[in-house]
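Note sheet for the following structure.
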2 protein chains.
Amino acid sequence: MTKGADHFDLEGFLPYLLNQAAEATSRAFQAVYRDRYGMTRTQWRVLAHLGQFGAMTARDICARSHIEKTKVSRAVAALEGDGMLGRTPSPEDGRAEILSLTEKGRAAYADLGELAKAHDRALRGVVGQEASAKLDEVLQRLIDTT
Amino acid sequence: MTKGADHFDLEGFLPYLLNQAAEATSRAFQAVYRDRYGMTRTQWRVLAHLGQFGAMTARDICARSHIEKTKVSRAVAALEGDGMLGRTPSPEDGRAEILSLTEKGRAAYADLGELAKAHDRALRGVVGQEASAKLDEVLQRLIDTT
DNA sequence: AATATTTAGTTGCGACTGCAACCAAGTCAA
DNA sequence: TTGACTTGGTTGCAGTCGCAACTAAATATT
């Protein structure tokens, strides 16, 4: 017969582990964008999206990042207030606005991007070369299938 | 020379991937404890800790789970209000209270624990047998080294 | 053209969070 | 003992979140 009483184990529960790992790996970097630019996590992500992929509408950011529209809306408002991005009405759709980084926004992106790369390298060092690639693939699968 | 302009890639940024995966895998289960018991994530975790490891003080829960003490404090208050747990003053330390699940709390834990196991099995099915074990190990390493 | 339905984005509100300040009990050191 | 320091736990407050309701523009329907 198999081993008895296999009751639920929180510490082996995948969502729990993922949350802990996400929390742990995010915390250190969070301090960076918070202290340097007073940004929230969502703001940093919106900035990074615009920095990496160029001007796009809020709708596009939502689709790409799976961040709730209200979070994006508020992050955009805050970033605009800080002079990090500007809005131009879309010529194609009167409801939409095209978001693009200002000079200041691009500078912040360049700065934080470098630091993020360093942070990522450090984390991947912990994980190890081969496991790192596998990890990305697995995480991506989890993200996609949910 | 190496490949040119390797600028920051948000979608390959480990904290970002982990957050997305954590978010995605947690959301479905969150609906369960929210709809059935009106619990928050922290409440569910506290309940699970007490259910799995037995009576302990709030301090112990903090140490074990890395949840902030205020979060634990409020979750405990809420669970107590819902009749899920009770407190008894610690005989050893006049400040501490020993928390233990009530009958109702144990029932909720048994119910949710079963559902959690099923959810976990489904997720691990997505990841695959072997990758699953490796994943746990890698996540644990990230959690510990931070 | 006039009405109904979707979609981009914002806002109000109640709930949750984080941090710092706090209280009370325990410990340590003279 | 008395007074400084630590520790278990709670609370106030300001900020963030999620959801539902909303406005306004676009699209579909008749």
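Remember, predicted model here, so these are calculated numbers, not experimental data. Just so it is clear: chains get the letters A, B, ... in the order the sequence lines come, proteins before strands, and each one is counted from 1.
- Residue B:Arg41 is out of contact with every strand shown, counting any heavy-atom pair closer than 4.0 Å.
- Spacing between atom CH2 of A:Trp44 and atom P of D:dT16 amounts to 18 Å, rounded to whole angstrom units.
- Of the two residues contacting DNA chain C, namely A:Arg27 and A:Arg59, the nearest-nucleotide position lying further toward the 5' end is that of A:Arg59.
- The side chain of B:Thr42 lies closest to C:dT17 when the candidates are D:dG18, D:dT6, C:dT17.
- Nucleotide C:dA21 holds its C1' atom 15 Å from the CD atom of B:Glu68, rounded to whole Å.
- Taking atom CZ on A:Arg64 and atom P on C:dA8, their separation rounds to 16 Å, with Å as the unit.
- The 5' end of DNA chain D is approached more closely, in terms of each residue's nearest nucleotide, by A:Gln43 than by the other of B:Arg34 and A:Gln43.
- Closest-nucleotide positions on DNA chain C for A:Ala58 and B:Glu92 were compared, and the one nearer the 5' end corresponds to A:Ala58.
- Between A:Lys71 and A:Glu68, none of the side-chain N atoms (NZ, or NE/NH1/NH2) sits under 4.0 Å from a carboxylate O, so this pair counts as no salt bridge.
- Atom CE in B:Met56 sits roughly 12 Å away from atom P in D:dG9 (whole-Å rounding).
- Using a 4.0 Å cut-off, no side-chain N or O of B:Arg95 falls inside it from OP1 or OP2 of C:dA24.
- Residue contacts shown for A:Arg87 are limited to sugar-phosphate atoms, with no base heavy atom under 4.0 Å away.
- Among the atoms of the strands shown, only primed sugar atoms or phosphate atoms (P, OP1, OP2) are found under 4.0 Å from some heavy atom of B:Lys71.
- Mapping B:Glu97 and A:Asp93 onto DNA chain D by nearest heavy atom places B:Glu97 closer to the 5' end of the strand.
- You'll find a donor-acceptor pair under 3.5 Å spanning the side chain of A:Arg74 and the base of C:dG12, going by distance alone.
- Considering only side-chain atoms of A:Thr70, the nucleotide from D:dG9, C:dC16, C:dT10 that sits closest is C:dT10.
- Note: B:Leu50 CG to B:Ser100 OG = 8.0 Å, rounded to the nearest 0.5 Å.
- When distances run from any side-chain atom of A:Lys69 to the nucleotides D:dG18, D:dG8, C:dG9, the shortest one goes to C:dG9.
- A:Ile67 has its CD1 atom 15 Å from the C1' atom of C:dG9, to the nearest Å.
- Note: NE2 (A:His66) to C1' (D:dG18) measures 18 Å, nearest angstrom.
- In this structure, B:Trp44 has its ring center no closer than 6.0 Å to that of B:Tyr37.
- Of all nucleotides listed (D:dG8, D:dT11, C:dA8), D:dT11 comes nearest to the side chain of B:Ser73.
- The pair B:Asp136-B:Arg124 counts as a salt bridge, with a side-chain nitrogen and a carboxylate oxygen less than 4.0 angstrom apart.
- For the atom pair CD of A:Glu130 and NZ of A:Lys134, the computed distance is 12.0 Å after rounding to the nearest 0.5 Å.
- When the C1' atom of D:dG8 is taken as reference, atom CD1 of B:Ile61 falls 13 Å away, rounded to whole Å.
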